[in-house]
Amino acid sequence: MNYEISPLAIAIFVLFILSVLFISWWFSRRAKSAHGYYAAGGNIHWSVNGIAFAGDYLSAASFLGIAGMISIYGYDGFLYSIGYLAGWMVALFVVAEPLKRLGKYTFADAIDAKFKSPGIVLAAAISTLVVSLFYLIPQMVGAGTLVTPLLGLPFEAGVIIVGCIVIIIVATAGMASTTWVQFIKGGLLVIFTLVLVIMLLVRGFSTTPAEEGSPLNDLVTVELSDATVGNITPADASYLKLDEFTVNSKTFVKMSQDGIVNYWYLDEGVLTQAQSIVDQPTGPDLYNGYPKEDGGFYQIGHMSEINGQTNIETGPVDPLTFFGDIKESTIIRWGTQKITDGENAVTIYYQIPTEGSSVLIPGEKFKIDPAKGATTADQINFISLLISLFLGTAALPHILIRYYTVPSPAFARKSTIVAVAAIGLFYLLTLYLGLGAMTNGVVDLTNDNMSAPLLARSFGIGIFAIISAIAFTTILGTVSGLIVAASGAVANDLINKFMKINLSDSKIVMAGRITAVIVGVVAMVLGVAFKHMNVSYLVGWAFTVAASANLPSIIMILFWKRTTSKGVIASIAVGLISSLVMILLAPDTYSQVYGLAASSAPMPISQPAIISVPLSFITLVVVSLLTKKDSIPDAEIVAKSKA
Amino acid sequence: MEHGPATEWRVEKSRAYKTKLGLIMFAIYTPIYLAFIIISVVSPSFMGIDVGSLNVAIVYGFGIIILAIIQAIIYNIICSRKEKLDHVETKGDGK
């Protein structure tokens, strides 16, 4: 897609960035000691910390990824919202207060509090680094994706801008500035998402929602004089048939009109308009037959019929009627099919008229209904995904370290409740955002991550600029938290505790700063390398790895007195390695990362949490029972923490 | 903060109370979340049944999120009340 660049958008973006840098400079004075750098001095108010939690947690995957997925598949994207929020129940009811009591700066601190074992510190630090890196990559990809429509800069520029700003934020003021950046971003994100949803409800629905002049408002259907596959002939002589292709029981026809070549989809005896991107080995890519700069590719997403009427504007709708109207409509979704046409690789996007009621239930993306061809493996995959979302949140290191920025366990609990309320409200709104994008002619088929910002653009450049700048700051906030977590794992856990290099307080801070710069640079490189990966895809992996490697140890240390240090080490190692290996051998990885056939993957499912989490639990129990108990009694830990 | 055996004992008691309450809250929420997953898999058509202008999937999905917020607030109110009570009693003991 080509996007118009607005000076207002650039001005608001620059204002946001300058504000963030000012905050970092302001708080850099507080970050002289290790406690100041890694835990913001431990004196953040619970209400601020709660919104900062929301700012930390609502990453590019939540804002860009979920809205994008809903805009293409409907309710299935909302399953992520439900799972991400449900995960906070584990965090709040089970781990928030005890982890605050046990830890100091990092996840390893808490896990190791009862053991003082270098092996646990090493295992927990490696796990922190792996999970944080998995989480960092999609954030960087999200940043690169955003700067093109916002600033007209190439993808790589977005990655570098985010990388550099985050390095400044973290290296100067660690958790103090990170907390306030996340607080501001979390608050703005929830408020402006609410504003956007209100604007959406006030606008209501239309069967012609696209901008004036968009082909979407006037999609063409070509009648056929012969609809026999292999001999398809258009009735209108102005269309010249060039070829036809049948792939996966779907037939596409290549035709030219006025010298412009495009592809059409055979649907119930007529040809419906499709969109195409032709990748030519010896020439520029063609979008609907035109070079990219000619802007021949258009945004999609509309209802062809609302309550049985084909040319209608509903006017304002209330939050319940919003769903009622969708349920009684026909929505034109677009499927994707890749074909080979001679030497060219062609991606065809074709119309799929879908009953509105179908996009309001699970099943358009995740196959779960045997009546629609779902296998047992598909169903297990679905269950496993929702389990990993549920169990992953409470085991994410960059979330756990936020418990150390408040002064007491009670404050840890209260800040989690503020987070649950803010995050819950946001996730309720994602269904409106995604379905709004699906029906308002704003979806960019080449990049569904842009659905929410593009929905904002349909209301005017001002709200688009604000939403895009918030989305960019969203990435800054999350990336900052991740880099603080990673730098704590290296400086506090690996250097100070595992290698036992006795650094002074100021040198621990210096080591953290240097690590932040290195991790930031690595994240930039990986962000560019994984340019074409789906934003929410890698985040899903991070949840699976965190749930498998970290959660069993956290739970068992808190609730099973027989847990031993060797049991914890084995559990983290088995959870980490098994989940990673199964992800690398998964069907989705084969098709989306390696470019191989999904059916050739050794693993039958793509979401391994249903195997790796129990495996990690069992490992901990078995190894603990086989080894000598070596934990320090709780009373001693309390006494030491007061000393 | 005041320290001493009475305070320690009450803090421990309060801690055990909060842990138990957390687990009860968790035991209420988790089956409701798991039922959502199981219904989606076992009977996807059930999710499409009309509930006014909505359907079961939307009511259940929104319900899980709203329930989480409500349970979180209730949990905090009960924990805070317990902490306050223990704090007041401890002050009384100290006199």
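Because the structure is a prediction, the values reported are computed rather than measured.
- In summary, the aromatic rings of B:Tyr29 and A:Phe93 are positioned with their centroids too far apart to meet the 6.0 Å limit.
- Rounding to the nearest 0.5 Å gives a distance of 12.0 Å between CE of A:Met89 and CD1 of B:Ile28.
- Contact count versus chain A (heavy atoms, under 4.5 Å) is highest, among B:Ala72, B:Ser45, B:Gly52, for B:Ala72.
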* Worked check of side-chain contact (heavy atoms from CB on, under 4.5 Å) between B:Thr30 and A:Phe390 -> CA-CA 9 Å; B:Thr30 305; A:Phe390 187 53; 3.7 Å; yes

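- Of the atoms belonging to B:Phe26, heavy atoms from both backbone and side chain fall under 4.5 Å from chain A.
- Interatomic distance, CD1 of A:Ile82 versus CZ of B:Phe36, reported as 3.5 Å (0.5 Å rounding).
- Here the closest heavy-atom approach between residue A:Ile361 and residue B:Gly48 is recorded as CG2-CA, 3.4 Å.
- Of the inter-residue distances, the one linking B:Tyr33 atom OH with A:Leu85 atom CG reads 10.0 Å to the nearest 0.5 angstrom.
- The contact between A:Glu97 and chain B is made entirely by side chain atoms (from C-beta outward), counting heavy-atom distances below 4.5 Å.
- Below 4.5 Å, heavy atoms of chain B meet heavy atoms from A:Gln379, A:Phe382, A:Ile383, all part of residues 375-384 of chain A.
- Among A:Leu92, A:Ile387, A:Leu79, the residue with the largest count of heavy-atom pairs under 4.5 Å with chain B is A:Leu92.
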Sequence neighbours left out, cut at 3.5 Å: what donor-acceptor pairs do the side chains of residues 415-431 of chain A make with other protein atoms?
from     : atom 1 : to       : atom 2 : distance (Å)
A:Ser415 : OG     : A:Asn49  : ND2    : 3.4
A:Ser415 : OG     : A:Phe411 : O      : 3.0
A:Ser415 : OG     : A:Ala412 : O      : 3.0
A:Thr416 : OG1    : A:Tyr403 : OH     : 3.4
A:Thr416 : OG1    : A:Ala412 : O      : 2.6
A:Tyr427 : OH     : A:Ser62  : OG     : 2.8
A:Thr430 : OG1    : A:Ser81  : OG     : 2.9
A:Thr430 : OG1    : A:Tyr427 : O      : 2.5

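- Residue contact with chain B, scored on non-hydrogen atoms closer than 4.5 Å, involves the side chain of A:Phe559 exclusively.
- Neither the backbone nor the side chain of B:Leu21 comes within contact range of chain A, judged by heavy atoms closer than 4.5 Å.
- The minimum heavy-atom distance linking A:Leu360 with B:Asn55 is given by the pair O-ND2, 3.0 Å.
- For B:Ser80, the parts lying under 4.5 angstrom from a heavy atom of chain A are both the backbone and the side chain.
- Taken from CD1 in B:Ile58 to NZ in A:Lys327, the straight-line distance is 7.5 Å, to the nearest 0.5 Å.
- Between the CG atom in B:Asn76 and the NZ atom in A:Lys414 there is a gap of 5.5 Å [rounded to 0.5 Å].
- A:Tyr73 OH: 12 or fewer foreign heavy atoms inside a 6.0 Å radius.
- If you tally non-hydrogen atom pairs under 4.5 Å between each of A:Ile368, A:Asp325, A:Ile326 and chain B, the highest count goes to A:Ile368.
- Here the CG atom belonging to B:Leu34 is positioned 10.0 Å from the CG atom belonging to A:Leu386, to the nearest 0.5 angstrom.
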